[in-house]
There are 2 protein chains.
Amino acid sequence: MPERPRGSSDAGQTRRRGAALEDAILRAAADELTEAGFSRLTMDKVATRAGTNKNALYRRWPNRLTLAIAAYRRLATTVQPPDTGSLRSDVLEWLRRANRYWSSPQGAILRELLAAAGGATELLAQLQEQSGDAAAAPWLTILGRAIARGEASPEALHPRVATIAMTLLRNEFVVRGAPSAPDEVLIEIVDEVYLPLVRGRSAPPA
Amino acid sequence: MPERPRGSSDAGQTRRRGAALEDAILRAAADELTEAGFSRLTMDKVATRAGTNKNALYRRWPNRLTLAIAAYRRLATTVQPPDTGSLRSDVLEWLRRANRYWSSPQGAILRELLAAAGGATELLAQLQEQSGDAAAAPWLTILGRAIARGEASPEALHPRVATIAMTLLRNEFVVRGAPSAPDEVLIEIVDEVYLPLVRGRSAPPA
DNA sequence: AGATTTACGGTACTGAACGTACCCTAATTG
DNA sequence: CAATTAGGGTACGTTCAGTACCGTAAATCT
């Protein structure tokens, strides 16, 4: 049997299986997600786009949401936190990036998925890598540097405290439904909450 | 034509209209909501339960979610914030009540609605009276008293700061999907975040 | 009171999707 | 080269949202 020459489209010449097919499906789902969002992603469209049918999808993922989450994960990219030499500008910059992300089409998808997952803990856990716990690491990095510079109190190196700025920002989106948070809000979060908090009960204001 | 005698059920004696019917529908919807939750609330069931049909519903509310939110609002009750004489115990108590609410069946409904509303700002606004902005008032009350007692700095009397404990708690539910927050988490929020923050940059730790 | 307008109630239907069942056939495995 | 596994095609079964009509009771007008 010869190799499978390919057109630009995903429609398979030969019958794909296993990882190759799974990959095509996830790619198709990710595309649907970016083009139409989760609410308009249908299993039939994903299947057609991947050049297969719903059977192949349901054989791998138990339902629409699970598939969508799996597809979303390959959209996510990792970025390095800033290191400007000042806590305030690091925090503000990181917050601005987060704001841009949540405001972006991808952020909208994340919000949809978060909403659709409702209270389903296992599913939420998969999204948290993007939106929650794993996202704590950069904050700890930023804060760790600031502590080394004496800009923050060591007691602040606590996940709940370190990530509070992001939590407040996410709150703007999730609860207020804002398409994007104004820069004033970010500044307010930094100056009224974050910095006072991490400078700590011991360290005097710089 | 004589009156039409009827059974004990809600099925109308005579043909109801206007406010009377609207009321019956909202009551039926609220009942469905508490018994089955939003995801299993169907327009047909609500209509049947109210002794009417979908027409009457769609004539008043454009869709299922809007009706559900309207129905939810009559489930919500208002409570007075505690006044124990100490900021820490006021905050902790209020947070515990909030935790109980979010953990309760009603809280589950609120979470479902919040999720279903997604980014629909106008709808979210209606729920915020229960979960967000209007809920800020009690926090300001508690904090105001504490400031009068000298337990907190006046600068803390700022909505974003005053409500931060509740925001963090809500975050536990919305993002982590926890059915209920452990008491340790509440205490941590109060001691690691709330109190340090509102005691402020000027006031020394008591 | 009688005529007119408004709004309920009954019922049927469309359309969108999810999820499932079956059966044939291509790929892989032994 | 047989046996097994996994894809592909296709057709359903179901559940609901939302819509469309139409006859009739209740309110409103004259």
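Residue numbers start from 1 in every chain, and the chains themselves are labelled A, B, ... in the order their sequence lines are given, proteins ahead of strands.
The distance from atom CG of B/L65 to atom C1' of D/dG18 is 15 Å, rounded to the nearest whole Å. One can place NZ of B/K45 at 14 Å from C1' of D/dA17, the figure rounded to the nearest angstrom. Nucleotide C/dA17 holds its P atom 15 Å from the CG atom of A/L57, rounded to whole Å. Straight-line distance from the CD atom of A/E32 to the P atom of C/dA17: 11 Å, rounded to whole Å.
Nearest nucleotide to the side chain of B/M43, out of C/dG9, C/dA17, D/dA17: D/dA17.
Tested against A/L57, the residues A/D44, A/L67, A/N63, A/T66 include a single side chain to side chain contact (heavy atoms under 4.5 Å, CB included) partner, A/L67.
Relative to the six-membered ring of A/F38, A/R111 misses at least one condition, a distance below 6.0 Å or an angle of at most 45° to the axis.
Salt-bridge check for A/R27 with A/D31: failed, with every basic side-chain N at 4.0 Å or more from each acidic carboxylate O. Contact check on B/E172 versus A/R160 returns a salt bridge, with a Lys/Arg side-chain nitrogen under 4.0 Å from an Asp/Glu carboxylate oxygen. The pair B/E35-B/K45 does not count as a salt bridge, with every side-chain nitrogen at least 4.0 angstrom from each carboxylate oxygen.
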Between the protein and nucleotides 22-24 of chain D, list the N/O to N/O atom pairs that are separated by less than 3.5 angstrom.
residue	atom	partner	partner atom	Å
D/dT24	O2	B/R15	NH1	3.0

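Within 4.0 Å (heavy atoms only), B/L41 reaches sugar-phosphate atoms of the nucleic acid but no base atom. Residue-level contact check: B/R60 touches the backbone only, with heavy atoms under 4.0 Å from sugar-phosphate atoms and none from bases. Base contact: B/R17 has a heavy atom under 4.0 Å from a base atom.
With DNA chain C read from its 5' end, the first of the two nearest nucleotides for B/A19 and B/K54 is the one closest to B/A19.
Side-chain atoms of A/S104 and A/Q106 include no donor-acceptor pair closer than 3.5 Å.
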